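Since the structure is predicted, the reported quantities are computational estimates derived from the model, not experimental observations. Throughout, a chain's letter reflects where its sequence line sits, starting with A, and its residues are numbered from 1.
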Amino acid sequence: MKFASSAKFAAVVVTAALALTACGGGSTSSGGSGGTVGPVDGKGKKLSVLTGVNNQYSAQQKQWFTDIAAKFKAQTGADVEFETFASANDELTRIQTSVVSGQGPDIYSLGTTFTPTAFATKAFVTLSDDDWKKVGGKDKFNQAALGISGPDAQHQAGIPFVSRPFVMAYNKDILKAAGIDKPATSWDELATQAKKMTDPSTGTFGLATGYKDNFDPWKFIWAMSVQAGNPLVDGKTLKLDDPAVKKAYETYFGWLTKDKVVDPASIGWSNSNAVAAFASGKAGYLMMTTSSSLPTLDKSAVAGKYAYTAMPTTAPGQSSPKGDGANAASILSGDNVVVADYSKQKDLAFAYINLITSKDEQLNYQKIFGDLPANAEALKSLDNPALKPVADTAAKSKATPFTGAWGDIQLALTNVVVQSIPDLSKGSVDDSSLQARIKDAQSKGQASLDRASK
Amino acid sequence: MSTDSLTAGKPMRRKSSRDAKPGPQSQDNTSRRRKGLSERNRPLWMLIPGGLLMIIIIVVPLLLGIFMSGLDLDQYSLRKWVSAPFIGVQNFVEALTASPLLHAIWLSVSYSLLAMVVTIPLGIAGAVATQNAFKGRAVIRSIFLIPYVLPSFVVATVWRTMFQPGSVIDSLLHSVGIDAGLWLNGPNSYWTLILVQIWASWPFVYLLALSGLQSVDHEVHEASALDGALWWNKLRYVVFPYLKGPLSLAFLIGMLHHINNFTLPFVLFGIPAPSDVELLPILTYVTSFQSFRFGLSAAMAFISLILIAIPLFVYLRAVKLDDAETPGGKK
């Protein structure tokens with residue numbers, strides 16, 4: 001008896017421990033949002049849309065939800081219910097729950113780099129020609145933005161909603177004071193210019209970037225590698241062990257260790273810290289930013305003194321872009337919307353997407369949030385001169401490899417930077433440990449790629 | 001054992017001498033009968049609702065988790081996950097040989113233990129210090145509880161901000177001539193985690209210690225004072241035995257909580273985590289929700305469960321927390 005009760009208690013403790021461990025803290029609330037169980041009555045339907053929360057403009061976003069829902073109701077008689085996720089991880093959890101349970105939101109908004117992973121789950125509608133017509137035809141979109149909608153032109157699930165190409169911003173005054181008449185177009189030139197602008201005595205640095213950012217680091221490595229002719233993924237082979245990748249890391253770390261053109265504190269910065277540093281007028285270039293920084297910068301100390309331009313497209317140590325390099329000024333970035341395969345009101349979902357990708361709505365969205373339209377006509381009609389270079393970059397963006405393994409590869413690329421941060425803070429990353437970390441990333445990424453092509 | 005006779009023995013003796021009339025034998029008889037009766041007619045069916053809930057919330061997910069650990073489940077097979085290929089123990093082999101699982105378990109357990117070892121004396125000290133009434137005690141007690149009341153996310157965010165390179169803590173240390181280097185990455189990060197964990201969780205020990213102190217009878221204090229015990233002897237032989245139960249419980253719950261703590265390291269260090277703080281929950285999380293290897297991560301969770309359950313079971317037997325005869329351990 002005594003043993004039995006103690007065994008029971010132990011069993012409870014043990015199972016509770018497993019339950020907790022298995023959860024790993026991720027909240028897996030089942031998404032029974034009832035998006036699919038609306039009454040069949042044509043007018044009484046309710047469309048459920050999952051989209052990322054916009055922390056920067058949260059009040060505006062709420063307003064936009066109300067406005068667009070009213071417009072949609074006027075058009076179709078159906079209601080729209082918005083749900084937001086706070087982070088990419090949050091979004092993943094929601095998608096996984098819905099994929100497994102076969103219920104949840106009708107429409108998801110996905111970041112471009114996440115689209116391949118989502119596509120791999122086969123849980124979203126691959127659009128037929130008919131479906132494309134329902135959202136207003138393929139031609140209405142900026143064709144470059146379709147580059148990461150699916151593995152090929154016949155199999156596309158992601159419908160472009162907004163473009164958010166990565167550019168750099170530069171402080172015109174600081175560039176001028178350093179005698180620089182035109183922003184750099186190669187990474188080598190960028191470092192040279194940054195050195196001229198750096199003056200530790202005034203706390204001014206040539207570049208502002210965040211080494212601790214969860215996403216920025218891999219984008220630099222990707223860009224520099226692609227521009228050197230190595231697209232990282234070649235069919236079933238991952239090529240992180242290519243010298244171009246190592247050179248990219250060396251250049252990226254070199255800004256801090258050799259050139260000393262970034263604030264030493266930036267090893268703890270995320271992108272928003274870098275924006276703040278640039279906004280206070282303490283940096284010549286703000287790297288890896290998007291047009292969504294525009295509303296912030298326009299209210300800051302550098303208002304009227306800054307401009308956007310494309311990031312360099314000539315790889316470190318090269319004199320001109322190789323391969324597709326000239327078209328790799330940025331990853332193809334922005335948001336796609338996808339329709340869930342389990343949705344019982346797909347036509348309604350397409351009607352909603354047609355509305356939000358219409359020219360007027362896209363221009364309206366751009367004004368409020370800064371993101372560029374994915375609608376081709378709307379993109380052409382942009383008249384803000386500050387956005388011209390950003391719009392140009394949208395056309396010079398290159399899609400990251402379309403494979404379900406990309407998430408892992410991205411993580412492995414970032415991990416090299418994360419594990420190098422202690423070395424960075426000491427002032428140098430030694431060659432052998434960098435090599436070992438890249439090798440580790442290569443084997444992890446390759447394993448993931450092997451699973452993808454199985 | 002002498003402590004037992006000192007604490008529990010005294011009131012007993014007094015009581016038995018007062019109730020000497022019915023005789024010890026008859027008292028023994030009635031108590032045995034009552035016990036036998038209650039064991040036979042216990043309304044066990046009343047446990048059904050709770051039992052059902054436990055099956056749904058604990059047993060079913062546990063079995064599902066074990067089932068998943070045998071599947072090759074990833075984003076390609078997630079949609080029809082029940083029919084994902086069964087690969088036997090391959091996930092377990094991969095978890096043990098080709099993943100940082102063992103390192104993660106070592107980090108998790110050692111950090112939890114270190115944090116517990118520090119929080120227990122802190123908690124006791126806090127409880128003893130606020131045991132006797134003094135002016136402003138209520139305020140102090142409330143202040144002590146602040147870390148416990150704050151959400152983990154907030155605690156981690158605040159500490160992360162303070163530990164940023166060149167932020168408050170760095171400049172503070174710099175002013176006294178110490179350059180400690182990075183806090184949120186590299187070898188220091190392990191100690192950062194322990195420090196923040198201690199800060200956040202010591203009030204829990206404090207609360208349980210306080211409840212233990214409340215249960216010390218006034219007479220016991222008096223009796224020991226009459227026996228001429230001074231503060232240390234009183235603390236060591238009178239008060240501590242009362243705390244054994246609550247503190248064993250605090251240790252157990254605290255360890256489990258620390259080992260499973262996800263929010264704190266996740267917010268403090270982000271993902272991918274620096275290798276010095278790649279804890280168990282973080283590793284499981286990354287494996288399932290970044291790499292989508294659900295089968296592998298289920299295997300990891302299961303292995304860690306077993307590795308943690310063994311010492312846990314030994315501990316449970318040792319402190320007799322699970323012994324129904326002496327609820328809450330021994331006084």
Under 4.5 Å from a heavy atom of chain A, the part of [X] involved:
X         : answer
Arg293(B) : side chain
Gln75(B)  : both
Phe269(B) : backbone
Ala98(B)  : neither

Exercise. At their closest point, which heavy atom of Ala273(B) faces which heavy atom of Val418(A), and how far apart are they?
Worked result: C-CG1, 4.2 Å
Exercise. Do you know which two heavy atoms are closest between Pro165(B) and Ala265(A), and how far apart they sit?
Worked result: O-CB, 4.0 Å
Quick one: [atom1] on [X] to [atom2] on [Y], what's the gap to the nearest 0.5 Å?
X         : Y         : atom1 : atom2 : result
Phe292(B) : Ser448(A) : CZ    : OG    : 9.0 Å
Lys444(A) : Ser99(B)  : NZ    : OG    : 10.0 Å
Leu182(B) : Lys212(A) : CG    : NZ    : 11.0 Å
Tyr76(B)  : Thr117(A) : OH    : OG1   : 7.0 Å
Arg451(A) : Ser77(B)  : CZ    : OG    : 7.5 Å
Ser189(B) : Ile421(A) : OG    : CD1   : 11.0 Å

In terms of heavy-atom pairs under 4.5 Å, which option from [options] contacts chain B the most?
options                                    : value
Asn273(A), Asp263(A), Asn415(A)            : Asn415(A)
Pro264(A), Ala118(A), Gly407(A), Ala452(A) : Ala452(A)
Lys122(A), Gln410(A), Gln419(A)            : Gln419(A)

Exercise. Are Ile271(B) and Leu411(A) close enough, and set up right, to give a side chain to side chain contact (heavy atoms under 4.5 Å, CB included), and what steps lead you there?
Worked result: CA-CA 9 Å; Ile271(B) 281 190; Leu411(A) 194 70; 4.3 Å; yes
Exercise. Is atom NE2 of His103(B) surrounded by more than 12 heavy atoms (other residues, nucleotides or ligands) closer than 6.0 Å?
Worked result: yes
Which answer fits [X], side chain, backbone, both or neither, if we ask what part of it has an atom under 4.5 Å from a heavy atom of chain B?
X         : value
Ala447(A) : neither
Asp341(A) : side chain
Lys426(A) : neither
Phe119(A) : neither

Problem set entry | Contact leader toward chain A among Val286(B), Asp72(B), Asn188(B), where contacts are heavy-atom pairs under 4.5 Å |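 Of the candidates given, the most pairs with chain A belong to Asp72(B).
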Problem set entry | Side-chain (Gln290(B)) to main-chain (Asp408(A)) donor-acceptor, under 3.5 angstrom | no
Exercise. Which is it for Ile267(A) and Asn185(B) under the side chain to side chain contact (heavy atoms under 4.5 Å, CB included) test, yes or no, and what are the steps along the way?
Worked result: CA-CA 10 Å; Ile267(A) 49 169; Asn185(B) 199 325; over 6 Å; no
